[in-house]
Structures are given as structure tokens and as C-alpha cells.
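What you see below is based on every heavy atom in this structure, not just the backbone, and it leaves out hydrogens, waters and symmetry mates. So you know, we letter chains A, B, ... as the sequences are listed, proteins then strands, and number each from 1.
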Amino acid sequence: MKPRFYVSTPIYYVNGAPHIGHAYTSIAADVLARFKRLDGYDVFYLTGTDEHGQKVARAAAEAGLGPQEFADRVSADFRDMADKMGVSYDDYIRTTEPRHHRSCAELWRRIAANGHIYPGHYEGWYSVRDEAFHDEAELTTAADGTKLAPSGAPVAWVREPSFFFRLSAFQDKLLELYETQPDFILPAGRRNEVVSFVRGGLRDLSVSRTSFTWGIPVPDAPGHVMYVWLDALNNYVTACGFPDPEAPRWKFWPADVHVVGKDIIRFHAVYWPAFLMAAGLPLPRRVSSHGWWTVEGEKMSKSLGNVIEPRALVTRYGRDPVRYFLLRQKPFGDDGTISHPALLSRINVELANELGNLAQRSLSLIARNLGGRRPGRGAGTAEDAELLDAAAALPEALRERLDRQVFNEALEEAWKIVRAANAYIDRQAPWALRKTDPARMEAVLRVLVDVLRVLATGLTAFMPDAMGRMLDQLGVPAEARDFAGLATILADGEVLPPPVGVFPRLVEDEA
RNA sequence: GGCGGCGUAGCUCAGCGGUAGAGCAGGGGAAUCAUAAUCCCUUGGUCGGUGGUUCAAAUCCGCCCGCCGCUACCA
């Protein structure tokens, strides 16, 4: 039986349009999903949209639509974005689906049955204009004595009935989780923040609202809808078929990795495991969080007008180069800068010059000097062995890096092979061997074919289309394009297709 | 305010007790198979400041300066 792997993105809130941050999360998770498929796993990759809450209801009203109609529209846009980025999701969940309503109702019942939900009142200083509660400490008092929010909006003390989740009861269990499973939260810096947050003491959580209706009804409590995060987080088990233990996908739970942005770590690393503990369900194995992209050093914002629409990037630079750039440019957990010069440099230097040109020069020599037939293996020199051994070690190197979600290091491992292969071809100079030692020339070109094949196979997770084209040119059969397939030695003498550049150089013609 | 992190070559960063490293950028050279791509060599740093521990400190400790993150229920 194949080992299983379950990776998720957050479900995206349909309040706004997809931007580069959403694409980044989805692409990172996609690389993990594709890599595990290459590595022989039975993979479940889940993404989707979060569609409830007051903000969606209001955005819909502003657009002159009903909330469902509005959510349908935005959800479809997110899905289109995922498709255009090459995101290979296995399921696209929406919180407005009946399966999710059923799942949430059951989760609620279980948590309640275990005694972790109790009725009470949610109260605090509320600003209607901000649609938010404010802490006493952040309020200011106006001249006439009214209390004001930091935004300057007036606040009023409101009190509404609400159910509470006994989060406080899970403090020790959560700390034990972080202790016994140190990689539960990555990167480590984020883990420490969560630990110190939980150590500081947990208050119970208000998990229902009566002030709006666009949400999942609380079972047996007319007028209450579930707190949006309880609704949203539960999507991860809904998609596995919860609460049906016989559902075909139930075998995937618990998830291996929840990929999230750094802003929602707490919800995933504190609330979510607490909800699951309360319901008596197994916990996910990891929450892996990433940092933000800034544009030319500035934060992306609508007011600055520098929001990057991922589909526009793809149109301009190509899908695979964009995927490559996003995972190569910065450490996953860190913030980083996206800019035209940086994209241009990565794409031209690393993809076109180093990798693309390596394939092109190797394949051209084969086309020209061997009639386009795949060369046969030679006796093999120490230098051949050194390069081939380094390439053979690549899958394991990638595995180790991707298991920790250090994508940039994974790519660096691959590029060490790319650079070594360029050095090798220069040193061996097959173009000179053509006259002096044709047999050796053939052996050298074969080494390059084999090395390119490992590279293209391993990089398929990052750049599925481009690496597919490279594997086409190497004549690798479809059934041998995963890591297990690397054991299949390519036959000598097969006629290869004429070489075509995989990564065209970008010409600097626009700012 | 509290807790935590960071500050190393022009840039991005690795090193985290034993006489400073990588990639890019800069300089020189080689080659010419290839998308004028590639390869080789190379300039460059008082490792934020300051005290201390040690035979020995980017590397451990104290203090100072600067930057950043977290400090609950707005996805």
C-alpha cells in the first residue's frame, strides 16, 4: 500500500480578490503535493474558499448580490487563479457546501458532548463602524466623554449571548504537544512565539454569534451561527468525509502539513488542535508558516496600488518561472521582496543560462554529432562518477529539504548539480572530443543526459510544464517520470526529438 | 512595558569556541558546443559597539545602540 500524504492550504476568504500571497501559499503546497506524488505517495491536496461571516455578507450587499451568489463568483475566481498557477488540488472545498454544514454541526455536537462548550455572554467595547471589538487599553476618551477606538470611531459596550469554548482547559495539553512534537510548528521562531503565547494563559473563546446570520447555524440554538474560525478550520476534516468513518478520504486524516501564512498561525497551531482535542479527533502533524512578499521593499496595499495579481505575473513571465522564483527567492518563513529586476535575474541567469542552456548545449551536441540518438554509456571516469553520484543523491537531498519546507534550500541543492554539470561539460569539452575521441564524446554526452534526467525529474514538482518538456526531449517515457522510474536505465540509440529551448531568455524591454 | 529574534564582504545570507565563507555584483583570464549562454582565477569584511569568560570568541555571558516579530476572539 502506498504511503499517504495530506497537504492543505488555508481556505481563502472570499472577501477580496486573489493576490500574490494566496498564490504563494498554494504554489508552495502544490510543490509538496507534486513532490510526494513523484516519491510514490498517495496524495490528497486540499484547497478552497471560506465564505461565511459578516464581511462577506456586507461585501455581497455592496456588490448588490446575495451572499451565496457573491461567494460563488469570488470562489470561482480563486479557483481560476489556482488553475492558472498550475495548482494540482485534489479537492476544492467551499464552506457553503452541504457537506461542510453537516461536518461542522457534528464537530460542534462532539465538542459540546464532551463538555467543552458552555453558554454565556460575549461583551466588550464594540465599534459598529470598524465591525470590531476593542480592548479597553487601546481606547481613548473624547472631549465629551465618549470612548473612541484607535480608528477614531465611537465604541459602545455591547453584550450578546454566546457560546464559549473551553480553550483554557487545553493550555497544558497544547504545551505538551509543542514539547513532544517540536516540529509541529515551523519555522522554529514561530513555534516559540506560539509557545510563549500559550504559556501566557488562554482565555475561553467565544464561538457563536447572534449579530448576523451568514454562517453555519449552531445545532439546537436558534439565532446562533458558528464563529468563523471554528467553521473555517473544520474544512480540513470535512474534506476527508467527516463525520463518516467509512468515507474514502477519511484515511487521509490527520493532515501531514497545513501550509499557512504567518498571520494565521495561532488559529492553526492553538485553536485548531484544541478543537480537535475537544472533539476527540487526531491532530495534524504540522503547521508550516510562511512570510510575506513586499513589492520593491514596500508592503502591498490597495492604496499604494502595488498589489500584484498572480495571473498577470504568469502572463508576463510564464507560469513555471514564476513558481520557481517564488520558492527560490527567499527563505519560506521570511518576508521577501518581489521586483522586476529580481525576477529577470533569477529567470535569465538560473533558468535560461544555467539550466536551460545546459540542456540545450548537451542536446544540440547529441543532435548534431550523434544523429539525435541517445548516446550509450562509456567506461566511465572518476569525474563521470562524481557528477553522476551527486545527481543520484539529489532525490534524497530534496526529500530532506521539502520535509522541512525549506524550498529555497531544495532548489539550491538542485542548482549545485546544475553548476557542476556546466563545469563538467566545459572540462570534458565534448565538442573537442568529437575529432579526437568520439567514443569518449558519446560517454560524456550520456552522463549529461542522465544528469539532466535526474534534475528534470526532481524539479518537476516545482516546474511541471517546463520539466515535462525537458523530459520529452530526453525521451523519458511517461511511466518512468517519478523517482522510482529513475531506476529504469534509458535505452541507448533511441532517436530524441530536436532540441528546443525550455526557458527562453527574457529581453529587457519594459520597466 | 513584557517575551523573543536579528545586526558578518557593495547586495542577499551561511557559519555559531580553534587564526573569516557562499551566491550575486566588481576585476582578470579561458573556451567557443550552447538561449553572447559557460568555465577558471580574483579584489573585497576592525563579523553593530563595549566590557567579560577562555589557552583561544562572529561563535558563550553582561551592558549599550539599531532593526524586526509576538503580546487573543476584525479571514
Side-chain angles (χ1 to χ4, degrees), chain A residues 10-16 49-56 95 122 124 126-127 130-135 149 151 162 164-165 167 187-207 209 227-233 260-267 270-271 291 329-331 333-337 342 345-346 348-369 408-409 412 415-416 418-434 441 444-445 448 499-507:
Chain A
I11 43 176
Y12 301 117
Y13 201 53
V14 296
N15 190 35
T49 45
D50 181 11
E51 309 184 5
H52 290 127
Q54 199 167 20
K55 287 200 173 185
V56 171
T95 55
Y122 182 33
Y126 185 75
S127 157
D130 297 347
E131 281 190 343
F133 282 87
H134 295 285
D135 212 55
S151 62
S162 172
F164 281 81
F165 171 68
L167 183 62
R190 297 292 163 192
R191 172 187 176 277
N192 295 340
E193 288 177 0
V194 171
V195 169
S196 81
F197 170 78
V198 173
R199 277 212 185 107
L202 294 172
R203 297 205 291 266
D204 290 346
L205 200 63
S206 165
V207 287
R209 292 295 142 84
Y227 170 52
V228 282
W229 273 107
L230 181 59
D231 168 350
L233 289 162
V260 302
K262 65 182 183 180
D263 55 329
I264 55 175
I265 292 174
R266 182 190 307 146
F267 303 100
V270 181
Y271 300 174
Q329 178 68 5
K330 71 177 186 69
D334 294 7
D335 291 351
T337 301
S345 170
R346 291 279 181 201
N348 277 346
V349 174
E350 294 171 7
L351 293 181
N353 295 354
E354 294 184 329
L355 177 58
N357 187 52
L358 172 68
Q360 184 69 10
R361 63 200 304 210
S362 303
L363 291 165
S364 296
L365 286 163
I366 290 168
R368 182 151 329 138
N369 301 318
N408 63 323
E409 287 185 26
E412 176 57 23
W415 251 256
K416 283 179 185 168
V418 173
R419 291 188 210 105
N422 270 317
Y424 172 85
I425 193 173
D426 265 46
R427 201 183 305 268
Q428 301 301 322
W431 48 90
L433 291 168
R434 178 169 53 120
M441 175 197 73
V444 166
L445 293 176
L448 289 162
V500 179
V502 172
F503 296 110
R505 266 183 81 80
L506 298 175
V507 179

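For the P atom pair drawn from B/A9 and B/A58, the interatomic distance equals 15 Å after rounding to whole Å. A distance of about 26 Å separates the C1' atoms of B/U35 and B/C41, rounded to the whole Å. Taking atom P on both nucleotides, B/G52 is separated from B/U19 by 24 Å, rounded to a whole Å. For the C1' atoms, the distance linking B/G18 with B/A57 amounts to 9 Å, nearest Å. Distance check on atom P: B/A30 versus B/G49 gives 42 Å, rounded to whole Å. When the P atom is used for both B/A37 and B/A20, the distance is 37 Å, rounded to whole Å. B/U38 and B/C13 have their C1' atoms separated by 25 Å, given to the nearest Å. Of the C1' atoms belonging to B/A14 and B/U8, the separation is 10 Å, rounded to the nearest Å.
Backbone-only contact: A/F267 has heavy atoms under 4.0 Å from sugar-phosphate atoms and none from a base. Note on A/G201: a base of the nucleic acid sits closer than 4.0 angstrom, heavy atoms only. A/V502 comes within 4.0 angstrom of a base, heavy atoms only. Within the nucleic acid shown, A/G356 comes within 4.0 Å of at least one base atom, counting heavy atoms only. Among the atoms of the strands shown, base atoms are found under 4.0 Å from some heavy atom of A/L202. At the heavy-atom level, A/R368 lies under 4.0 Å from the strands shown only through sugar-phosphate atoms.
Here the P atom of nucleotide B/C74 and the CD atom of A/Q54 are 12 Å apart, to the nearest Å. In this entry the distance linking NZ of A/K262 with C1' of B/A72 reads 18 Å, nearest Å. In this entry the distance linking CH2 of A/W431 with P of B/A34 reads 10 Å, nearest Å. For the pair A/R199 CZ and B/G2 P, the computed distance is 19 Å after rounding to whole Å. B/U12 atom P lies 23 Å from atom CH2 of A/W415, rounded to whole Å. Rounded to an integer number of Å, the gap from A/N348 CG to B/A37 C1' is 10 Å. The NE2 atom of A/H52 sits 18 Å away from the P atom of B/C74 (whole-angstrom rounding). Going from atom CG of A/D426 over to atom C1' of B/C40 covers 9 Å, rounded to whole Å.
Side chain of A/R505, nearest nucleotide from B/C73, B/U35, B/A34: B/U35. Minimum atom distance to the side chain of A/N422 is reached by B/C39, of the listed B/C33, B/C39, B/C70. Set against B/C74, B/A72, B/U35, the side chain of A/K55 has B/C74 as its closest nucleotide. Picking from B/C73, B/A34, B/U35 the nucleotide with the shortest atom distance to the side chain of A/A352 gives B/U35. Candidate nucleotides B/C39, B/C73, B/U35 were compared by shortest atom distance to the side chain of A/Y122, and B/C73 ranks first. Listed nucleotides: B/A72, B/C33, B/U35. Nearest to the side chain of A/L167: B/A72. Checked against B/U38, B/C40, B/C73, the side chain of A/A423 finds its nearest nucleotide in B/C40.
Ion pairing of A/R419 with A/E412 is present here, as a side-chain N (NZ or NE/NH1/NH2) and a carboxylate O approach within less than 4.0 Å. Using a 4.0 Å cut-off between a side-chain N of Lys or Arg and a carboxylate O of Asp or Glu, A/R361 and A/D426 qualify as a salt bridge.
When each of A/N353, A/N357, A/L351 is paired with A/F503, the side-chain contact (heavy atoms from CB on, under 4.5 Å) condition holds for A/L351 and for no other.
With a 6.0 Å radius and a threshold of 12 heavy atoms from other residues, nucleotides or ligands, A/R427 has its CZ atom at or below the threshold.
Of the two residues contacting RNA chain B, namely A/S362 and A/D334, the nearest-nucleotide position lying further toward the 5' end is that of A/D334. In terms of position along RNA chain B, the nucleotide closest to A/V418 lies nearer the 5' end than the nucleotide closest to the other residue of the pair A/D50 and A/V418.
The CG atom of A/N369 lies 4.5 Å from the CE atom of A/M441; values are rounded to the nearest 0.5 Å.
Among the duplex regions that RNA chain B forms, those built from at least three successive Watson-Crick or G-U pairs under 3.5 Å are B:1-7 with B:65-71, B:10-13 with B:21-24, B:26-30 with B:38-42, B:48-52 with B:60-64, ordered by first number.
Here A/R361 does not reach the OP1 or OP2 of B/U32: none of its side-chain N or O atoms lies under 4.0 Å away.
There is no side-chain donor-acceptor pair under 3.5 Å between A/E350 and A/W415.
Under the 4.5 Å side-chain criterion, counting only non-hydrogen atoms from C-beta, A/S362 is in contact with A/L358. With contacts defined as side-chain heavy-atom distances shorter than 4.5 Å, the pair A/V14/A/D50 does not qualify.
For the residue pair A/A342 and A/Q329, the shortest heavy atom distance occurs at CB-NE2, 3.9 Å. Considering every non-hydrogen atom in both A/Y227 and A/Y271, the closest pair reads OH-CE1, 4.1 Å. Contact detail for A/L205 and A/L167: the closest heavy-atom pair is N-CB, 4.4 Å. Looking at every heavy atom in both residues, A/I11 comes nearest to A/A232 through CD1-O, 3.5 Å.
One cannot find a donor-acceptor pair under 3.5 Å joining the base of B/A37 and the side-chain atoms of A/N353.
For the segment residues 187-195 of chain A, the set of residues with a heavy atom within less than 4.0 Å of an atom of RNA chain B comprises A/R190, A/E193, in numerical order.
Glycosidic conformation at B/A58 (O4'-C1'-N9-C4 for purines, O4'-C1'-N1-C2 for pyrimidines): syn, within 90° of 0.
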